[in-house]
Amino acid sequence: MQQKTLISFSNGDTKEIFKKYLSEKSIFKNKKVLTHSYIPKKIFHRDKEITQISSILAPALKYYQPSNLFIYGSVGTGKTICVKQVLNDLNLIAMENKIDIKTIYINCKLKKVADTEYRLLAQLLNEIGVSVPDTGLPTDVLYRKFFDEIDKKRQVVIIVLDEIDALVKKVGDEFLYNFTRINSELERANVSLVGITNNLVFSNELDARVKSSLGEEEIIFHPYNAVQLRDILEDRAKEAFYLGVVSKGIINKCAALAAQEHGDARRALDLLRVAGEIAERSGKDKITEEDVDLADQKIDLDHIIESVRSLPRQSQAVLYSVMKLTEEGFEKILTGDVFDRYKDLCKRSGLRVLTQRRISDLIGELDMLGIINAKVISKGRYGRTREISLNITQDILDYVKKIISPIFD
DNA sequence: AGTCCACAGGAAGGGCAGGCGA
DNA sequence: TCGCCTGCCCTTCCTGTGGACT
């Protein structure tokens, strides 16, 4: 006998919202086109770079080891997308011609995926079908397993490490050295490394020994200008929205705003997508300039609020101390001031008091996240310290306060 | 020129949790 | 069960530093 399921709505408003949503026609034809992970059919204004990457990786088709490659360029300049497309094409050609090429793409910034040497190796092993525990084994055992597994047959393995600077910053460059030595240990397979980084001076920060054995080829991706961003947006908008939803003016505005932000194509796509969402939510069938302005603010706000929400309690306490000092009109907030205020806060709220050394690191992390500015200054006879200020506007600050105040007050 | 301040920030290591293999 | 390994968060100890002051 079939069981009957009882359906009832808990709240009349919810029901109405869902009903209304169902009855409305979306302005989006395919929203996925505007996400960062989408690979478009044509990549605009990157022909030269794609040709360069392809020629460097081409020797893999004859089982030679392609040169290690380093790709530099700031956020949203198309590095990842170009590499992914070249790998796609390479895999296709390899398959057609029955050539054994294995390409592995790993984003080193993804938490719990490849943010330590162990996890990177575990992830690589996972990609070639060997499962290892999340922790517990010595790192050299993982290296051995990886080397042995790929050397079982004649093949070329191309490992792409995106945001490689994040991993090097965390665990040092020793692992890169290990990978450069890998080919001398392999009999049948060849391995080549492609590193992608936002840090334009990344190679300068590497150990000379690593640099000499690694940096064989380099490609730099320059930021897009407003005209180039416009071409990219126009192409994506055609697929993402129904006809007439986006005007040329809107595309130009998104392109111009993103071009101001260091020619970031991701930002341009985000602007268009969020503006579309805002327009749709307010029942419009066209995106207006006002929607783009709102989207611009919303993206910043969402980013900061998400960062603050996910901060550990101790970092939130440090941020709250900075906020309180700012509110009280402190002209120049120094590390010592923050630490004193933080101690008071801990006493009142029952939080464990960490050392000043640790708080100094937490201040550095908040600075990295862009929530505060912390500049090292010297006050001569009165010491060397950091001058700290909030890096968020008043309206965002109000939102942030709503999140943190209830925890400590 | 030397002193001194208030930290910055590197290095080493402790303690805990989670996990493996013998 | 025990020894060993890693990750993570943290402390302790230490050296380095820019520039006002003497």
Side-chain angles (χ1 to χ4, degrees), chain A residues 106-126 130-149 161 163-179 199 201 204-208 210 307 310-319 321-322 325 330-347 349-369 371-389 407:
Chain A
I106 290 179
N107 187 335
C108 303
K109 221 176 183 176
L110 285 183
K111 287 235 166 192
K112 313 278 179 195
V113 175
D115 54 351
T116 64
E117 187 177 14
Y118 185 95
R119 283 188 181 140
L120 170 68
L121 285 161
Q123 188 65 21
L124 284 171
L125 279 159
N126 199 26
V130 181
S131 71
V132 283
D134 291 343
T135 167
L137 296 178
T139 318
D140 54 319
V141 170
L142 263 62
Y143 272 111
R144 193 71 269 152
K145 269 189 191 222
F146 182 66
F147 292 178
D148 289 348
E149 189 62 32
L161 299 178
E163 314 243 21
I164 192 171
D165 48 313
L167 184 57
V168 169
K169 196 173 174 193
K170 217 170 159 197
V171 303
D173 53 13
E174 192 65 21
F175 79 93
L176 281 174
Y177 185 65
N178 292 335
F179 274 106
N199 181 354
V201 291
N204 298 346
E205 293 163 13
L206 293 177
D207 187 284
V210 177
S307 310
S310 56
L311 283 176
R313 198 58 96 230
Q314 291 286 355
S315 299
Q316 287 180 335
V318 174
L319 176 60
S321 306
V322 177
L325 290 167
F330 266 66
E331 288 243 334
K332 286 186 176 152
I333 304 171
L334 310 176
T335 303
D337 303 328
V338 176
F339 186 57
D340 288 343
R341 184 53 59 96
Y342 158 82
K343 278 189 290 190
D344 288 346
L345 190 65
C346 288
K347 255 181 232 160
S349 58
L351 198 66
R352 186 159 75 95
V353 182
L354 302 182
T355 56
Q356 179 153 346
R357 175 71 187 85
R358 181 71 189 131
I359 297 309
S360 171
D361 278 346
L362 295 184
I363 290 172
E365 284 169 22
L366 289 174
D367 180 42
M368 284 260 288
L369 284 171
I371 301 172
I372 62 171
N373 279 319
K375 200 174 79 192
V376 178
I377 55 155
S378 175
K379 284 155 47 68
R381 201 192 150 81
Y382 303 104
R384 200 162 156 267
T385 179
R386 270 195 285 211
E387 200 175 281
I388 299 154
S389 60
I407 303 169

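We name chains A, B, ... by the order of the sequence lines, and we start the count at 1 in each one.
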[atom1] of [X] versus [atom2] of [N]: gap in Å, rounded?
X	N	atom1	atom2	value
Q123(A)	dT6(C)	CD	P	19 Å
R384(A)	dT17(C)	CZ	C1'	5 Å
L125(A)	dC20(B)	CG	P	15 Å
F339(A)	dC10(C)	CZ	P	13 Å
D361(A)	dT11(C)	CG	C1'	11 Å
R144(A)	dC5(C)	CZ	C1'	19 Å
I363(A)	dA8(B)	CD1	P	7 Å
L142(A)	dG21(B)	CG	P	11 Å

Original post:
Does any donor-acceptor pair link the side chain of R357(A) with the base of dG10(B) at a separation under 3.5 Å?
Top reply: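 Flag set: donor-acceptor pair detected.
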Subject >> Backbone N/O of Q356(A) and side chain of S360(A): donor-acceptor pair under 3.5 Å >> reply: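 Pair absent, no side-chain N/O of S360(A) close to backbone of Q356(A).
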Original post:
Would you say T385(A) and I377(A) make side-chain contact, with heavy atoms under 4.5 Å?
Top reply: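 Side chain of T385(A) against side chain of I377(A), heavy atoms only: contact under 4.5 Å found.
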Original post:
So do L369(A) and L311(A) actually touch side chain to side chain, heavy atoms under 4.5 Å?
Top reply: yes
Subject >> DNA chain B: 5'-proximal contact among R386(A) and K379(A) (nearest heavy atom) >> reply: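 Nearest nucleotide further toward 5': that of K379(A).
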Original post:
Closer to the 5' end of DNA chain B via nearest nucleotide, is it K145(A) or Q356(A)?
Top reply: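 Counting from the 5' end, the first nearest nucleotide belongs to Q356(A).
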[N] phosphate, OP1 or OP2, under 4.0 Å from [X] side-chain N/O:
X	N	answer
S360(A)	dA8(B)	yes
T335(A)	dA8(B)	yes
T355(A)	dT11(C)	yes

So if I take every side-chain heavy atom of [X] and compare against [options], which nucleotide ends up nearest?
X	options	value
R358(A)	dC4(B), dA8(B), dC9(C)	dC9(C)
Y382(A)	dT17(C), dA20(C), dC10(C)	dA20(C)
V376(A)	dA8(B), dG7(C), dT22(C)	dA8(B)
R119(A)	dT3(B), dT11(C), dC8(C)	dC8(C)

**OP:** Quick one: do R341(A) and V338(A) satisfy side chain to side chain contact (heavy atoms under 4.5 Å, CB included)? Show the steps, please.
**Re:** CA-CA 5 Å; R341(A) 184 53 59 96; V338(A) 176; 5.9 Å; no
Original post:
Hey, which of I363(A), V318(A), V322(A) is the one that makes side-chain contact (heavy atoms from CB on, under 4.5 Å) with Y342(A)?
Top reply: V318(A)
Original post:
Of S378(A) and R352(A), whose nearest nucleotide on DNA chain C comes first from the 5' end?
Top reply: R352(A)
